[in-house]
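Atoms within each ligand, like the ligands themselves, are counted from 1 in listed order.
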Amino acid sequence: MTILDGKKTSEALKQEIAEEVKQLKAAGKKVPHLAAVLVGDNGASITYVNSKVKACEQVGFASTLVKLPADITEEALLEEIDKLNANADIDGYIVQLPLPKHIDEQKILLAVDPKKDVDGFHPANFGRIALDMEAFIPATPFGIMELLKRYEVPTKGKHVVVVGRSHIVGRPISILLSQKGAQGNATVTLTHSHTPNLADFTRQADIIVMALGIPEFLKGDMVKEGVTVIDVGITRLQDDNAPKGYRIVGDVAFDEVKNKANYITPVPGGVGPMTIAMLLKNTLLACKWRERVVSKLLTINC
Ligand code: NDP
């Protein structure tokens, strides 16, 4: 059994990105610049945004944190989005979710320039993914694909069962794994809360992606020998013996399932760390793609 180590892999990836940034600097080029919009003072959101800003510093990116009050109007937030769209120095940005209840999240995400949408949440990017076009892939499914690639987990001809159909994890990963290409060519079954007898599907799967958010849902008797298991779930369970008073648990009963698995991601230390690394990767891509467009325009103008 091989552990798909997201912590180690994400560190390697960040080092590679840092190396590219050094080369950009040495060539006198602009370094990638990521901005994050944080509305209000939700504790979890602050933690997530801070870790993204810290990751930017780690690899040598420029970063900007746009902190806005919880009572900001939708109109004022849209103005901030317009400013970020127009700011030529910023390659990509994210709007940390959830937003306060009085703001229409969809309206805000639709206002993000798809060319700066490094979270990959804009319908233009989602559509491009579905059509096999160059696009920003949401960081979590992108991270899963990168883990499968780096560990050379075979997907061609395999039966993948994805549990959960969210727009940010389940649905995009089901599209990516069914695409033509090295980490694709799988036959994918996308399941959800209305799927009857779920275990009948998971027992047939060569690869299972768990993204539903119910701790230790996938048990040992729900999988076959030799399965690959990707656990996206993150749930905080109260644990008075843990230093922080809680522990993080995935959607997989790890100790039971690992005995039957060929490959498995742990929680924590699996898909989670890959997510931030892939956000950095998307920002680097945004910077390169913008440079490509600018140099094309320069060539045309000459
Ligand atoms: P959502 O809550 O948006 O979606 C959950 C999905 O699970 C839904 O499609 C739902 O079905 C399905 N579901 C719920 N109960 C069952 C069931 N009993 N059987 C089968 N399917 C079920 O989840 P997210 O995708 O946003 O997140 C899933 C988990 O992944 C969470 O724990 C989240 O914290 C974690 N996460 C981790 C990330 C990381 O970086 N590692 C990033 C993003 C999320 P239906 O559509 O029918 O309601």
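- Residue contacts with ligand 1 include G272, since one or more of its heavy atoms lies under 4.0 Å from the ligand.
- There is a protein heavy atom less than 4.0 angstrom from atom 46 (O) of ligand 1.
- Judged purely by distance below 3.5 Å, without hydrogens or angles, the side chains of K52 and Q96 pair a donor atom with an acceptor atom.
- The protein heavy atom nearest to atom 8 (C) of ligand 1 is R165 N, 4.0 Å.
- Between the E74 side chain and the D104 main chain, a donor and an acceptor come within less than 3.5 Å of each other.
- Closest to atom 48 (O) of ligand 1, if we only count protein heavy atoms, is S193 OG, 3.7 Å.
- Side-chain contact annotation: Y93 with N87, donor-acceptor N/O pair under 3.5 Å absent.
- Residue H194 has at least one heavy-atom neighbour below 4.0 Å for each of these atoms of ligand 1: 47 (O).
- Taking atom 40 (O) of ligand 1 as the reference point, the nearest protein heavy-atom neighbour is T275 OG1, 2.8 Å.
- For ligand 1, the atoms closer than 4.0 angstrom to any heavy atom of G164 are 6 (C), 7 (O), 9 (O), 12 (C).
- A salt bridge is absent between K281 and E146; no separation between the charged side-chain nitrogens and carboxylate oxygens falls under 4.0 Å.
- Closest to atom 32 (O) of ligand 1, if we only count protein heavy atoms, is I234 N, 3.0 Å.
- In this structure, atom 27 (O) of ligand 1 has no protein heavy-atom contact shorter than 4.0 Å.
- On a distance-only criterion, D251 and ligand 1 share no N/O pair closer than 3.5 Å.
- Taking 4.0 Å as the cut-off between side-chain N and carboxylate O, D239 and R247 count as a salt-bridged pair.
- Donor-acceptor pairing under 3.5 Å is recorded for the side chains of Q58 and K14.
- Here L237 sits in one hydrophobic cluster together with V249; the rule is ILVMFWY side chains under 4.5 Å apart, joined directly or through other members.
- What sits closest to atom 30 (O) of ligand 1 on the protein, heavy atoms only, is V232 O, 3.5 Å.
- Scored by the salt bridge (Lys or Arg N to Asp or Glu O under 4.0 Å) test, D71 finds no partners at all (sequence neighbours excluded).
- A salt bridge does not link K219 with D221: every distance from a Lys NZ or Arg NE/NH1/NH2 to an Asp or Glu carboxylate oxygen is 4.0 Å or more.
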Discussion item. One pair to check against side chain to side chain contact (heavy atoms under 4.5 Å, CB included): T155 and L177. What are the steps and the verdict?
Written reply: CA-CA 8 Å; T155 56; L177 285 164; 4.1 Å; yes
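- Taking a cut-off of under 4.0 Å to the non-hydrogen atoms of T140, the atoms of ligand 1 that pass are 40 (O), 42 (C).
- We find that R150 and E16 are joined by a salt bridge, their nearest charged nitrogen and carboxylate oxygen being less than 4.0 Å apart.
- For atom 29 (C) of ligand 1, the nearest protein heavy atom (residue, atom name, distance) is G213 N, 3.7 Å.
- For atom 44 (C) of ligand 1, the closest heavy atom belonging to the protein is V169 CG2, 4.1 Å.
- Those atoms of ligand 1 with a heavy atom of V163 less than 4.0 angstrom away are 20 (C), 21 (N).
- Contacts with ligand 1 closer than 4.0 Å are made by heavy atoms of both the backbone and the side chain of L212.
- Under 4.0 Å from ligand 1, the heavy atoms of I214 that appear belong solely to its side chain.
- What sits closest to atom 4 (O) of ligand 1 on the protein, heavy atoms only, is S166 CB, 3.9 Å.
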